[in-house]
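We use all heavy atoms of the structure for the numbers below, so side chains are in, but hydrogens, waters and symmetry mates are not.
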Amino acid sequence: QVQLVESGGGLVQAGGSLRLSCAASGRSFSAYAMGWFRQAPGKEREFVAAIMPGGIISDYGEFVRGRFTISRTNVKNAVVYLQMNNVEPEDTAVYYCAAGIGPYLPVRRVDSVGSWGQGTQVTVSS
């Protein structure tokens, strides 16, 4: 069974930091682009960040403005991280881990995602 399991969400004050993790299991995602999306209440799911299998090439949503960093390891299977710094109340959302629909295919649009995690809540207080 393919699984992407997120952890690390929670409550943080504005200006603080949080680190999200996502561990893949069930089959190997080492050759897949991995990423993060988020969805706030009443809003569409939006792209946050993605990273290609080699861990070098990454992409970010425009609102990130240098505050977040995505990284990954591929020791046994893919584990992807999202370091969130200088968070803002507008970052409050459920954050979802995502894997591409096929090896080496980029992740940026919702329809470019083949597997989703269950989501982890991030709440930023002002």
Side-chain angles (χ1 to χ4, degrees):
Q1 181 181 358
V2 173
Q3 278 192 310
L4 300 176
V5 179
E6 301 102 333
S7 60
L11 176 64
V12 60
Q13 287 189 331
S17 298
L18 207 61
R19 190 194 197 203
L20 306 183
S21 301
C22 171
S25 64
R27 63 173 168 86
S28 177
F29 284 94
S30 298
Y32 286 66
M34 303 287 292
W36 293 92
F37 288 72
R38 70 183 189 183
Q39 189 165 17
K43 295 188 176 181
E44 294 186 350
R45 193 166 295 191
E46 67 175 341
F47 172 73
V48 177
I51 189 166
M52 294 303 285
I56 302 300
I57 298 173
S58 58
D59 187 19
Y60 295 92
E62 289 75 14
F63 64 87
V64 170
R65 302 190 309 274
R67 299 179 299 127
F68 300 172
T69 302
I70 190 170
S71 60
R72 70 183 290 166
T73 62
N74 291 323
V75 176
K76 291 185 178 180
N77 204 338
V79 179
V80 61
Y81 305 94
L82 184 70
Q83 178 66 42
M84 305 169 61
N85 296 329
N86 195 23
V87 295
E88 303 167 351
E90 293 73 21
D91 295 320
T92 295
V94 177
Y95 283 70
Y96 295 91
C97 181
I101 58 175
Y104 302 102
L105 295 177
V107 168
R108 204 175 206 280
R109 295 162 48 101
V110 171
D111 61 6
S112 67
V113 175
S115 300
W116 293 98
Q118 82 285 355
T120 185
Q121 176 70 45
V122 172
T123 303
V124 182
S125 62
S126 58

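A distance-only check finds no donor-acceptor pair linking the side chain of T120 to the backbone of E6 [under 3.5 Å]. With hydrogens and angles ignored, the 3.5 Å screen pairs no side-chain donor or acceptor of T73 with any backbone N or O of V75.
A continuous path of ILVMFWY side-chain contacts below 4.5 Å connects V124 to F68, so both sit in one hydrophobic cluster. When the side chains of ILVMFWY residues are joined at heavy-atom separations under 4.5 Å, either directly or via intervening members, V2 and Y32 end up in a single hydrophobic cluster.
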Could you list the donor-acceptor pairs under 3.5 angstrom formed by side chains in residues 45-56, with sequence neighbours left out?
from	atom 1	to	atom 2	distance (Å)
R45	NE	Q39	OE1	3.2
R45	NH2	Q39	OE1	3.3
E46	OE2	R38	NE	2.7
E46	OE2	R38	NH2	3.1

Pair up each side-chain donor or acceptor in residues 77-86 with any protein partner under 3.5 Å, not counting sequence neighbours, and list the distances.
from	atom 1	to	atom 2	distance (Å)
N77	OD1	F29	N	2.8
N77	ND2	A24	O	3.4
N77	ND2	R27	O	2.8
Q83	NE2	N85	OD1	2.9
N85	OD1	S17	OG	3.0

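Considering all non-hydrogen atoms of both residues, A14 and S126 come closest at CB-CA, 4.3 Å. Among all heavy-atom pairs drawn from P106 and S112, the shortest one is O-CB, 3.6 Å. Closest of all the heavy-atom pairs between A93 and A40 is CB-N, 3.8 Å. For the residue pair S58 and I70, the shortest heavy atom distance occurs at CB-CG2, 3.8 Å. Listed here is the closest heavy atom pair of A99 and V107: C-CG2, 4.1 Å.
Going from atom CZ of F63 over to atom CD of E90 covers 11.5 Å, rounded to the nearest 0.5 Å.
Residue Q121 places its CD atom among more than 12 non-hydrogen atoms of other residues, nucleotides or ligands, all under 6.0 Å distant. In R65, the CZ atom is crowded: over 12 heavy atoms of neighbouring residues, nucleotides or ligands sit closer than 6.0 Å.
By the ring pair (Phe, Tyr, Trp, His ring centres under 6.0 Å) test, Y95 pairs with no residue at all, sequence neighbours left out. Here R67 pairs with D91 under the side-chain hydrogen bond (donor to acceptor under 3.5 Å, both in side chains) rule; sequence neighbours left out.
Side chains of W36 and Y60 form no contact here, defined as non-hydrogen atoms less than 4.5 Å apart. With contacts defined as side-chain heavy-atom distances shorter than 4.5 Å, the pair D59/R108 qualifies. Between F37 and W116, some side-chain heavy-atom pair lies under the 4.5 Å cut-off.
Apart from I101 itself, the hydrophobic cluster it occupies contains L105, where clustering links Ile, Leu, Val, Met, Phe, Trp and Tyr at side-chain heavy-atom distances under 4.5 Å.
Applying the disulfide bond (SG atoms under 2.5 Å apart) test to pairs two or more places apart or on separate chains, those with a residue in residues 15-103 are C22-C97.
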